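Since the structure comes first, as structure tokens, the remarks are kept for the end.
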Amino acid sequence: MYSQPLEKPKANILVIDDTPENLYLLASMLTEQGYKVRSVTKGTAGLRGAQAAPPDLILLDINMPEMNGYEVCQCLKNHALTSDIPVIFISAMNDVLDKVKAFTVGGVDYITKPFQVEEVLARVENHLTIRSLQKQLQEQNTKLQQEIIERQQAEEKFAKAFRSSPSPIAITTLNEGYFIEVNSSFLKISGYSLEEIIGHSVADLKLGITPEQNANIWQKLLETGSLQNQEIELRTKSGEFRIVLLSVELIDLEAKQCVLNIFHDITERKRLENEFISLVSHELRTPLTSLIGSLDLLGTGQLGTLTVKGQQILNIATSNIERLNRLVNDILDLERMKSGKIAMQPLPCNIGDLLIQAAEAMQAMAERSQINLVVEPATAQILADPDRILQTLTNLIGNAIKFSQAGGTVWLRVKLQTNYLQIEVQDQGRGIPTHKLQSIFERFGQVDASDSRNKGGTGLGLAICRNIVEQHHGKIWAESTLGQGSSFYIILPLLNGA
Ligand code: ADP
């Protein structure tokens, strides 16, 4: 009947008018413009049609028998499915158009007959545009609300995980180190209340993290953005120390660079570990002493002469037992030092004398290994436990000899600084790879797993040395060039800083 547009219909329009001529006129006018038009002559039919397939816009005649336009509009507005459809009223010239009523019942506009094509199209288009913008806004609103809900849910999930995590967690600002958020596990381990922590810094609370540890953490954070499992001693409010593994990560919070600190309390694990080591070592001591005695007896020949092969086997057994004995003694030594059971006995002593004593003690070993031991003369007074400093020096000289080739030289020298002195034990041995320079000072930290077996060591010597030096408020470290040699340095404070 009407000319069919070629493109996809622009919008669906429902025309409700009891005058067939009006219907025809409107429908053809709109169809021509590309709209899809449905026409009905009764209000009730219009309502049914709108419910069945909601149009984008309704043109509604006011004066109709049975149900007038106002009533139809009211019904449309009362149903969720049709309430948002814009309704434009149509009124005849001689109708008394109650404009106020038209708007009150929910109409958006009105057109008076006779129709002017441009006016009808302009109003229809306007309201379709407004409706489409409204729809877009509603959709965007719904989407935004959905996003807000999802974000809130995600935040809630993380907040819950943060709050109820069994691991102590704290968020601090990167630059000032102020606490801005901590969870209840952190309050529990530290012994502080939330008010005592928030807004205060790690330094304010004296949490036991040394300036060196802090500097180390800072450097790693700036280099790589994170740091894993750094062992530190955390000082709690009551003054007790907890051993924790600290992992840190750089995060951005409200445009501020912050640090996420996650702690893992290993105090109990460490205690059990130490208890176990000390128990096993003590239990080993008695049978070891008896074994050494028995082997010595065998060696004296009092129980009969051994064959050459027998003597060789006895020598191997003796050297292994001696190594085991050293290991047990070193473990116990370290264990007692760490738990503070061995206190240093500081006396004023001359470092030059200690170097000579240490060299003398190691002279026999050096000769056996054809190593030249050179002590450069020095004299300076330090306040130290001489036995423990000797133990440290002999360990370093022993290592220097062990890891050198026959014909090499080991030097012992001292450099004086304003308030401290620096001892150097230098060798021309195989050297230590850079990545091992720190770990060799850990318990059983070795360059090669076979070092202790091949060289008769225990892997505990440097850990003991570090402990002794630290108890003297000093520092120990190594520098090395692979294949060329190593230098071990010790810094000790001078007596009276003189
Ligand atoms: P060990 O009883 O094995 O010597 P230490 O704790 O004294 O135990 O030393 C740990 C490890 O460090 C050694 O096993 C060795 O791998 C390395 N090391 C120590 N001193 C030297 C050195 N002067 N030259 C090369 N490697 C060394």
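In listed order, ligands and their atoms are each counted from 1. A quick note: this is a predicted structure, and the numbers were derived from the prediction, not measured.
Listed by number with element, the atoms of ligand 1 under 4.0 Å from a non-hydrogen atom of Ser486 are 24 (N). Every atom of ligand 1 is numbered from 1 in the order shown, and the set under 4.0 Å from a heavy atom of Lys402 is 1 (P), 2 (O), 4 (O). If you number the atoms of ligand 1 from 1 as listed, the ones under 4.0 Å from a heavy atom of Asn395 come out as 7 (O). Interface atoms of ligand 1 facing Gly459, defined by a heavy-atom separation under 4.0 Å, are 1 (P), 2 (O), 3 (O), 6 (O), 8 (O).
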Q: Could you go through the side-chain hydrogen bond (donor to acceptor under 3.5 Å, both in side chains) check for Asp333 and Gln391 one step at a time?
A: CA-CA 11 Å; Asp333 219 13; Gln391 183 182 355; 3.1 Å; yes
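Electrostatic pairing of Lys10 and Glu125 counts as a salt bridge here, judged by a charged N lying under 4.0 Å from a carboxylate O. The residues Glu275 and Arg271 are annotated as salt-bridged, a charged nitrogen and a carboxylate oxygen being separated by less than 4.0 angstrom.
Of the heavy atoms in Leu396, none comes closer than 4.0 Å to ligand 1. Of all the heavy atoms of Lys436, none lies under 4.0 Å from any atom of ligand 1, so neither backbone nor side chain is involved. The backbone and the side chain of Leu462 each have at least one atom closer than 4.0 Å to an atom of ligand 1 (non-hydrogen atoms only). Of all the heavy atoms of Phe488, the ones lying under 4.0 Å from any atom of ligand 1 belong exclusively to the side chain.
For the atom pair OG (Ser185) and CZ (Arg163), the distance works out to 12.5 Å, reported to the nearest 0.5 Å.
Under the ring pair (Phe, Tyr, Trp, His ring centres under 6.0 Å) criterion, the residue pairs touching residues 230-275 are Phe186-Phe263, with sequence neighbours excluded.
Side-chain contact between Asp427 and Phe403: absent, with no pair of heavy atoms (C-beta onward) separated by less than 4.5 Å.
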